[in-house]
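Scroll down for the structure; my scribbles are underneath it.
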Amino acid sequence: QTLDLAVDLYNLPIESVVPTNPTAPSVRGRASLSGRIGGTMSAPIPQGELSLVDLVLRDASLGNGGLTLSVRPDGRIGFSGHLLGEKIELTGAVSLLPPWNLEAALSFRDVPVETLVPEIKDTVGASAQVSGTASISYNSELAASVELARIAVEVPGQDSRGRPAKVKIENLAPVAFRYANHKLTLAPARFSGPTGQFGIEGWADPERLDVKIEGDVQLALLEFFTGRYLDRTRGTASVALHMSGNVRDPDFDGRVTLENASLRPRGRDTEFLVSSANLAFKRDRVTLENLDLVVDNAALHIAGNLTLHNLRPENLSLAMKGRLAAKAVEVFAGRYMRGAQGSAPIDLIVDGPAHNPNFRGELWFDGTNFELNPRGVRHDLVLSHGKVRFSNQSIAITELSGWIDEARLTLRGNRQDCDGQFCMAVRLYEWTPIDVFVGVGLLGFAHRQPGVWQITIDTDVDVSGDSDELQVRGN
């Protein structure tokens with residue numbers, strides 16, 4: 001039936017009148033129309049003044065707006081008006097009949113990107129504004145070309161004194177990119193930040209990419225990609241890097257130099273400071289040259305290499321030497337300890353598969369308190385003297401000494417199973433203790449209920465067994 005209706009509609013769900021097309025971008029929101037509806041019952045054609053509220057196109061929030069609708073000679077619906085308040089001006093035409101198609105020209109000024117792409121705010125904490133023009137078409141496939149006259153990005157960072165501050169990044173010339181045939185192409189573009197300039201160019205499609213980055217890049221910009229592992233990254237990287245090949249497992253070629261960077265693992269309060277580091281990339285291999293890592297004023301020098309597969313470490317070979325901060329141990333074993341403090345010298349080799357690497361090293365306590373407080377225990381454990389030799393298969397110790405609260409503590413291994421000064425304390429199989437022998441000495445250990453009673457214990461016992469059963473013998 002032919003329609004010719006005068007209408008005054010209010011708050012009509014858009015998705016209830018737009019024909020469903022699985023290949024077309026999804027659209028939702030609410031619309032009010034004052035005008036006429038022609039066409040047919042199966043293909044209505046609206047004309048008049050259209051008001052839009054909470055418009056969302058392909059998960060991009062376009063906010064509120066208003067459009068004037070008219071019928072084009074080709075039967076499509078022409079539109080002109082504004083979206084996102086009046087920040088986006090647009091004209092174009094759309095067909096509501098199969099095959100669904102769209103043509104639009106846009107101009108925009110100071111549009112907040114995080115409104116259109118909320119993942120940027122949620123993941124990186126960044127805010128950005130863009131101004132420019134764009135043309136968009138859809139005829140079974142989406143195509144677009146965009147020129148951004150101005151890009152202004154703010155990401156969380158620090159000033160020269162380590163205080164919180166916004167890092168501002170702006171483009172030095174118009175930035176142009178286009179999307180067609182499922183391929184996004186970015187023309188050479190340059191940006192300026194507080195520590196210098198960087199450039200980026202290249203292309204990517206669902207299967208392959210070819211991207212070049214060079215210059216001084218703010219690490220905070222990487223949080224979109226590292227958010228699964230890190231809550232925060234700060235500092236600057238000097239980058240000359242070429243990424244190419246498979247999108248899921250690209251090849252890398254180039255170098256990255258870090259200075260005064262800080263990383264905070266996800267869900268932790270401890271900052272890992274990288275005073276300096278050189279990373280060389282060649283295909284799927286990353287070589288770490290002179291990486292100096294500082295945690296709680298304890299510096300650890302790391303060198304070696306790792307290979308990547310699907311952008312994740314696959315194999316590694318690393319040498320670490322310096323001082324190990326107790327807080328760094330707590331980051332990776334926070335389920336078992338709390339309130340870690342102090343540091344101790346360490347010499348460590350880590351190699352093999354990244355998901356289950358081999359460890360070989362020595363840790364020694366040189367008079368500086370190394371405090372590891374087990375969770376669920378109301379006592380403070382401090383080690384101050386002695387050495388530990390460890391690997392995936394065993395833990396051997398010299399006589400270790402320290403304190404539990406104010407009580408003097410000594411730990412020793414099995415004196416019948418020694419290699420030089422180191423005596424076996426624990427044998428492991430797949431990180432499970434299969435043979436334990438630890439001698440424990442306590443002098444002046446106090447267990448009390450304040451104001452009610454106190455017991456002071458002096459003891460020397462041997463603890464032996466395995467993960468299923470431990471036996472205690474001694475006095």
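We number each residue from 1, following the sequence as shown.
The environment of CZ in Arg109 is sparse: at most 12 heavy-atom neighbours from other residues, nucleotides or ligands sit within 6.0 Å.
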Could you go through the side-chain contact (heavy atoms from CB on, under 4.5 Å) check for Gln47 and Val71 one step at a time? CA-CA 7 Å; Gln47 302 179 66; Val71 180; 3.4 Å; yes
Please evaluate residues Leu12 and Leu33 with respect to the criterion side-chain contact (heavy atoms from CB on, under 4.5 Å), reporting the C-alpha separation (whole Å), side-chain torsions for both, the decisive distance (0.1 Å), and the verdict. CA-CA 9 Å; Leu12 185 69; Leu33 174 65; over 6 Å; no
Give the intermediate values and the outcome of salt bridge (charged side-chain N to carboxylate O under 4.0 Å, His left out) for residues Arg36 and Asp4. CA-CA 7 Å; Arg36 306 190 70 84; Asp4 185 10; 3.0 Å; yes
Between Glu207 and Val247, does a side-chain contact (heavy atoms from CB on, under 4.5 Å) hold up when you go through it step by step? CA-CA 5 Å; Glu207 299 298 329; Val247 168; 5.6 Å; no
Apply side-chain contact (heavy atoms from CB on, under 4.5 Å) to residues Val175 and Val146 and explain how you reach the verdict. CA-CA 8 Å; Val175 176; Val146 179; over 6 Å; no
Is there a salt bridge (charged side-chain N to carboxylate O under 4.0 Å, His left out) between Asp253 and Arg283 once you walk through the steps? CA-CA 6 Å; Asp253 188 15; Arg283 295 184 64 83; over 6 Å; no
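Side-chain contact between Trp431 and Asn356: present, with at least one pair of heavy atoms (C-beta onward) separated by less than 4.5 Å. Contact of the His301 side chain with the Asp292 side chain is registered, since non-hydrogen atoms from C-beta on lie closer than 4.5 Å.
A salt bridge is defined here as a Lys NZ or Arg NE, NH1 or NH2 lying under 4.0 Å from an Asp or Glu carboxylate O, and Glu214 with Arg190 meets this definition. Looking at Asp110 and Lys87, no side-chain N of the basic residue comes within less than 4.0 Å of a carboxylate O on the acidic one, giving no salt bridge.
There is a side-chain donor-acceptor pair under 3.5 Å between Ser145 and Ser135. Checked by atom type, the side-chain pair Asn278/Thr257 shows a donor-acceptor distance below 3.5 Å.
Between the Ser32 side chain and the Asn11 main chain, a donor and an acceptor come within less than 3.5 Å of each other. When atom types are taken as modelled, the side chain of Asp296 and the backbone of Ala325 share no donor-acceptor pair closer than 3.5 angstrom. Judged by distance alone, with hydrogens and angles left aside, the side-chain atoms of Asp74 form a donor-acceptor pair with the main-chain N or O of Arg76 at under 3.5 Å. When atom types are taken as modelled, the side chain of Thr91 and the backbone of Ser80 share no donor-acceptor pair closer than 3.5 angstrom. The backbone N or O of Ser244 lies less than 3.5 Å from no partner atom in the side chain of Asp251, so there is not a single donor-acceptor pair.
When every heavy atom of Val256 is checked against every heavy atom of Ala237, the shortest pair comes out as CG1-CB, 3.9 Å.
The distance from the CG atom of Asp284 to the CG atom of Leu306 is 10.0 Å, given to the nearest 0.5 Å.
Considering only residues two or more places apart in sequence or on other chains, Glu259 meets the side chain to side chain donor-acceptor pair (under 3.5 Å) condition with none of them.
Each side-chain hydrogen bond (donor to acceptor under 3.5 Å, both in side chains) pair with one or both residues in residues 169-186, not counting sequence neighbours, appears once here: Glu141-His182.
Between Phe191 and Phe198, the ring planes are parallel. Angles under 30° get that label, and only those over 60° would be called perpendicular.
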